[in-house]
Number of protein chains: 2
Amino acid sequence: MLRGMGNREDLLAGAKRCLIERGWAHTTVRDIASAAGVSHAAIGYHFGSKDALLTQALVEAVDELSQELASRTPSGKPEDGWQALIDSFTSHRALWVAQLEAVVQAERSPEVREHLAKGQREGREGLGGSVPLALLTGLMLQWLVDPDQAPSGAEVIAGLRALAAEL
Amino acid sequence: MLRGMGNREDLLAGAKRCLIERGWAHTTVRDIASAAGVSHAAIGYHFGSKDALLTQALVEAVDELSQELASRTPSGKPEDGWQALIDSFTSHRALWVAQLEAVVQAERSPEVREHLAKGQREGREGLGGSVPLALLTGLMLQWLVDPDQAPSGAEVIAGLRALAAEL
DNA sequence: ATTTGGTCAAACCATTTGGATAAACCATTT
DNA sequence: AAATGGTTTATCCAAATGGTTTGACCAAAT
């Protein structure tokens with residue numbers, strides 16, 4: 001009697017979509033069910049609760065991002081590498097926002113925090129240390145708040161040189 | 001008949017407390033009113049809606065943080081300066097989380113975004129550029145998710161040197 | 001063919017939520 | 001003292017929300 005599971009995946013996908021375009025706070029069970037084309041009762045059946053489903057969806061979104069980040073390991077001219085990373089913000093904005101929401105959520109959910117920590121370790125590995133990762137995520141935050149004033153790849157390099165010169 | 005205003009400030013303070021210790025998502029009008037020792041109807045009277053009050057409270061919290069950040073401008077040995085900044089995360093954890101929540105919220109509220117952008121400009125000014133600010137906030141994110149693996153001030157300097165050497 | 005175990009949706013329910021209303025309160029003015 | 005206008009509260013309300021129940025449905029096993 002194996003195989004049924006149809007809705008489970010739909011629900012996860014729908015939950016991820018809601019998470020991305022409405023945020024955790026404004027996502028209701030009915031939103032998710034509607035996005036998945038499913039009765040909202042299915043949520044209770046498959047995941048027990050709305051929070052459990054959203055948590056898992058969030059975890060998957062985080063994984064997607066660290067996977068994407070790993071594939072962007074800077075290569076070639078450092079200037080171009082940073083610029084590529086900065087450019088990638090644009091095409092994954094919603095995912096980055098979800099990541100932030102995950103950090104907030106992690107304050108109250110050890111499970112979410114654990115996955116975030118894992119993704120962070122991978123990110124550090126892929127980028128070559130804590131400092132490059134911090135630089136990347138910090139720039140992302142600035143860009144998220146005010147895209148116009150976010151520095152270009154060349155400016156990042158320049159700022160980095162200036163900072164290193166002070167040591 | 002001037003002077004009444006008693007509750008307005010209490011409500012703002014209560015809202016800020018709730019925001020910090022429960023987060024926007026889990027804060028209800030009754031929570032705020034209770035924290036302020038006031039009837040929840042006063043919220044509607046003074047601010048029109050719960051969201052309006054929370055938005056303003058969030059804005060104030062963001063201001064507090066950029067003020068705190070400005071007062072921490074690194075001085076003396078750079079290593080100690082960074083360490084001091086990193087240490088300050090501990091005593092203002094809730095405020096930093098609120099700041100993140102503000103960024104998420106900014107996706108849907110131009111008002112919040114505007115204040116965040118202002119705070120960011122001040123932060124850049126106080127720290128001397130986009131790169132140091134990015135480094136700081138990025139480190140904060142890492143520390144928030146996994147305090148144990150967050151680098152020390154010395155490690156930051158070392159990572160910075162290594163990164164600069166690759167240019 | 002019937003039973004069985006798992007999957008799903010429609011209807012239902014108790015609670016919570018944000019907001020509205022109307023009356024009470026109080027300092028000031030007349 | 002009476003009236004005034006801003007402030008605050010107690011009470012009420014409709015809507016929304018998360019969750020549960022009930023019964024239908026279906027494939028596989030008997």
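Just so it is clear, the structure is predicted and the values come from calculations on it, not from any experiment. So that the names make sense, note that chain A is the first sequence line, chain B the second, and so on, each numbered from 1.
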Residues in side-chain hydrogen bond (donor to acceptor under 3.5 Å, both in side chains) contact with A:E79, at least two apart in sequence or another chain: none

Atom pair distance, as rounded to whole Å: CZ in B:R8 and P in D:dG6: 16 Å

Between P of C:dC8 and CG of A:D10, the distance in whole Å: 9 Å

Length of the CD1-P vector between A:I43 and D:dG18, whole Å: 8 Å

B:Q67 atom CD, neighbour heavy-atom count above 12 within 6.0 Å: no

Interatomic distance, A:K50 NZ vs C:dT16 P [rounded to whole Å]: 15 Å

Spacing between A:L54 atom CG and D:dG18 atom P, to the nearest angstrom: 9 Å

Among C:dC8, D:dT9, C:dA10, the nucleotide that comes nearest once only the side chain of B:A41 is considered: D:dT9

Distance test, side-chain N/O of B:Y45 to OP1/OP2 of D:dT8, below 4.0 Å: no

Stepwise side chain to side chain contact (heavy atoms under 4.5 Å, CB included) test for A:E107 and A:V112: CA-CA 9 Å; A:E107 287 295 300; A:V112 173; over 6 Å; no

Members of residues 22-37 of chain A that approach DNA chain C, where some heavy atom sits under 4.0 Å away: none

Sequence neighbours excluded - ring-ring contact (aromatic ring centres under 6.0 Å, His included) pairs with any residue from residues 147-167 of chain A: none

Expected output: side-chain A:R113 to main-chain B:D146 donor-acceptor under 3.5 Å: no

D:dT17 OP1/OP2 closer than 4.0 Å to side-chain N/O of A:H40: no

Euclidean distance, atom NE2 of residue B:H46 to atom C1' of D:dT9 [Å, nearest integer]: 11 Å

Check: residues 49-61 of chain B side-chain donor-acceptor pairs under 3.5 Å, at least two apart:
from  : atom 1 : to    : atom 2 : distance (Å)
B:S49 : OG     : B:A52 : N      : 3.1
B:K50 : NZ     : B:T27 : O      : 3.1
B:T55 : OG1    : B:D51 : O      : 2.7
B:E60 : OE1    : B:K16 : NZ     : 3.2

Geometric cation-pi criterion, B:R8 with B:F47: 6.0 Å, 45°: yes

Distance-minimising heavy-atom pair for B:E101 and B:W24: OE2-N, 3.3 Å

Rounded interatomic separation in angstrom, taking CZ from A:F47 and C1' from C:dT7: 13 Å

Please tabulate, for side-chain N and O atoms in residues 119-133 of chain B, each donor-acceptor pair with protein atoms closer than 3.5 Å (sequence neighbours left out).
from   : atom 1 : to     : atom 2 : distance (Å)
B:E122 : OE1    : B:S66  : OG     : 3.4
B:R124 : NH1    : A:Q142 : OE1    : 3.1
B:R124 : NH2    : A:Q149 : OE1    : 2.4

Net bend of the helix from C:dA1-D:dT30 to C:dT30-D:dA1, end axes of five pairs each, nearest 10 degrees: 20°

